[in-house]
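For reference, the structure discussed in these notes is given below.
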Amino acid sequence: MVAMEVKHLNTTWVKPETRVHGEIPLTIFDRASSNMHVSVRLVYDAPTASNTKIKFAFAKALTYYPVLAGKLSGDPPVVVLDDDAGAPVSEMSVEGNLDDFLPLKPTPELSMLHPYTQETNPLLMIQLTRFACGGLVLGLSANHVIADGQSMSNFFVTWSQLVMEKEVSPIPTHDRSLLTPRNPPMPEHPHQDMEFSMSPPRGDQPPEFYEGATENVQVHYSYDFIMKLKERAETKHSTFECLLSHLWKKVTVARGLDDQVITRARVSVNGRPRLGVPGEYFGNLVLTAFPAAKVKDLVQGDVGYGAKLIKGAVGMIGSEYFQSFVDFGELNKDKELYPSVGTEGNTLSPDLEVDSWLGFQFHQVDMGGGAPRAFVPSWIPMEGLVIIAASPSPEKGAGPRDRWRTGVDITVTLLPEHAANFEKIVYSID
């Protein structure tokens, strides 16, 4: 591949078209989330709208999502919205055509195609990288502490609608009263030991960090492959359950784990349908399920075995569990809590952490010339992290029911020796 040189042109601080002032406290779901930026890249063929039009629409979009323009400050932290509220948009250029650099892969070198910071603020950063052909890579980094994946997917769609000069629909809601505790609050699960710790991490037991290289393996499963997986499951399971069951098994085999080891797949569970909260609610509203199996049983089982474990574990994180967590938040709103996420270092083995973006509407994010050509996550340094996303539809205007026809794209981060093993077996169905 041709070496890419990215030239910085300018950075503009874009403020919401309509200013909002105030302080927005974090919910208990926000407090349980990682205080770190998550980056994605959308790749567009020419033509697209101009950078000026995209930035103008971005300012309008921030009016609908003012939290993204704020800054996290204070103790306990709140999102502050004042006259300086906004987000940086950096414009870059590359001498060369987009096709010269495709396919883009999640590598450390291509991190130059999205903004990045290790600081808490700004909460949102945008980068527009133009190629000589007019192609565009839109890079975005957002702090997970203020929004989950569905919220950011909704933001992308709103931004796209404004670029296309369409009516914004649905209108996002920021109504925190939707997360109402019972009276009196009655938490029924040990959230202080699951999602949080009541004491800070011990300095004499720091997380373990692997200092060697990791590899981001990219996998594409076609629609036909997915259908074969689901047929092997025999009983009815969702696409996600069958895909994760297959991947969980293949990663476990590739790692060469001992038969008696217990392996878990950490699965995010969306609380919106479980609490009766509308899908356009903005913020964090996810908790984690932990399907677990002995390595020997998982490896010897079929697709249906793992899928059943996943369905059962996700089913346990239902409406009652979410309501218990809301109640826990009410009782601990003035206490210092330490989220359990981010305490395991950068190696998850023998476990997996799975982020499913299958329901996200990236195929609807039209920046003036059609659906994105590709969706590329940032390079992931966390061993054991899996991202599953629907492949962008090649047909303009394709709806959610069409997305499986182009299959799914998966990124799996493994140690190099395990990555080599994984690539040999990832397309075989047992």
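These numbers were taken from a predicted model, which means no experiment stands behind them. Every heavy atom of this structure was used, including side-chain atoms; hydrogens, water molecules and symmetry mates were not.
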Evaluate the side-chain proximity of [Y] to [X]: yes if any heavy-atom separation is below 4.5 Å, no if none is.
X: Leu179; Y: Leu285; value: yes
X: Met152; Y: Trp357; value: no
X: Tyr221; Y: Val426; value: yes
X: His114; Y: Val40; value: no
X: Glu195; Y: Phe328; value: no
X: Arg255; Y: Val261; value: no
X: His363; Y: Phe375; value: no
X: Tyr116; Y: Ser378; value: no

Check: Hey, which of Leu110, Leu42, Val43, Val94 is the one that makes side chain to side chain contact (heavy atoms under 4.5 Å, CB included) with Val137?
Finding: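 Of all the options given, the one that passes is Val43.
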Next item on the list: Identify the residue among Val219, Thr239, Leu247 that makes a side chain to side chain contact (heavy atoms under 4.5 Å, CB included) with Ile388.
Entry: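 The option that passes is Leu247.
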Quick one: closest heavy-atom pair of [X] and [Y], and the distance?
X: Ser151; Y: Ala147; result: CB-CB, 3.9 Å
X: Arg264; Y: Ala292; result: CG-CB, 3.7 Å
X: Leu178; Y: Pro278; result: CD1-CD, 4.0 Å
X: Tyr44; Y: Leu98; result: O-CD2, 3.5 Å
X: Leu257; Y: Pro350; result: CD1-CB, 3.6 Å
X: Val163; Y: Ala49; result: CG1-CB, 3.8 Å

Have [X] and [Y] got a donor and an acceptor in their side chains that come within less than 3.5 Å?
X: Glu417; Y: Asn421; result: no
X: His37; Y: Thr117; result: no
X: Asp30; Y: Ser33; result: no

Next item on the list: Evaluate the side-chain hydrogen bond (donor to acceptor under 3.5 Å, both in side chains) criterion for residues Thr173 and Asp175: first the C-alpha distance (whole Å), next the side-chain angles of each, then the deciding distance (0.1 Å), finally the verdict.
Entry: CA-CA 6 Å; Thr173 178; Asp175 184 3; 5.1 Å; no
Next item on the list: Keeping to residues at least two apart or across chains, list the side chain to side chain donor-acceptor pair (under 3.5 Å) pairs with something in residues 121-134.
Entry: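 Every pair satisfying side chain to side chain donor-acceptor pair (under 3.5 Å) with a residue in residues 121-134: Thr48-Arg130, Asn51-Arg130, Gln127-Thr129.
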Notebook entry, point to check: How long is the gap from CD on Glu167 to CG on Leu162, to the nearest 0.5 Å?
Noted result: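 Result: 10.5 Å between the selected atoms.
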Hey, can you pull the donor-acceptor pairs under 3.5 Å for the side chains in residues 64-80, sequence neighbours left out?
| unit_1 | atom_1 | unit_2 | atom_2 | d |
| --- | --- | --- | --- | --- |
| Tyr65 | OH | Asn154 | O | 3.2 |
| Tyr65 | OH | Thr158 | OG1 | 3.0 |

Next item on the list: Mind checking ring-ring contact (aromatic ring centres under 6.0 Å, His included) for Tyr281 and listing every partner two or more places apart, or none if nothing turns up?
Entry: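 ring-ring contact (aromatic ring centres under 6.0 Å, His included) list for Tyr281, sorted by chain: empty.
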Checklist line | Any residue meeting salt bridge (Lys or Arg N to Asp or Glu O under 4.0 Å) with Lys333, in chain and number order, not counting sequence neighbours | finding: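 So Lys333 forms a salt bridge (Lys or Arg N to Asp or Glu O under 4.0 Å) with Glu330.
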Next item on the list: Take Ser160 and Asp366 through the test side-chain hydrogen bond (donor to acceptor under 3.5 Å, both in side chains) and record every step on the way to the result.
Entry: CA-CA 5 Å; Ser160 168; Asp366 185 339; 5.4 Å; no
Notebook entry, point to check: CE of Met36: more than 12 outside heavy atoms within 6.0 angstrom?
Noted result: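 Result for CE/Met36: open.
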Margin query: Counting only heavy atoms not in Phe56 (residues, nucleotides, ligands), do more than 12 fall under 6.0 Å from its CZ?
Written below: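 No, the 6.0 Å shell around CZ holds no more than 12 heavy atoms from other groups.
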Next item on the list: Can you run down the salt bridge (Lys or Arg N to Asp or Glu O under 4.0 Å) pairs that involve residues 140-152, sequence neighbours left out, and say none if there aren't any?
Entry: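 For residues 140-152, and leaving out neighbouring residues, the salt bridge (Lys or Arg N to Asp or Glu O under 4.0 Å) pairs sorted by first residue read Asp148-Arg272.
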Next item on the list: Show the numbers, then the answer: is there a side-chain hydrogen bond (donor to acceptor under 3.5 Å, both in side chains) between Thr411 and Asn216?
Entry: CA-CA 6 Å; Thr411 302; Asn216 286 192; over 6 Å; no
Please list, one pair per line, the donor and acceptor atoms closer than 3.5 Å that link side chains of residues 306-320 to other protein atoms, with sequence neighbours excluded.
| unit_1 | atom_1 | unit_2 | atom_2 | d |
| --- | --- | --- | --- | --- |
| Lys311 | NZ | Lys236 | O | 3.2 |
| Glu320 | OE1 | His189 | NE2 | 3.0 |
| Glu320 | OE2 | His189 | NE2 | 3.2 |

Notebook entry, point to check: Taking the six-membered ring for Trp, are Phe131 and Phe101 ring centroids under 6.0 Å apart?
Noted result: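 They qualify: ring centres under 6.0 Å apart.
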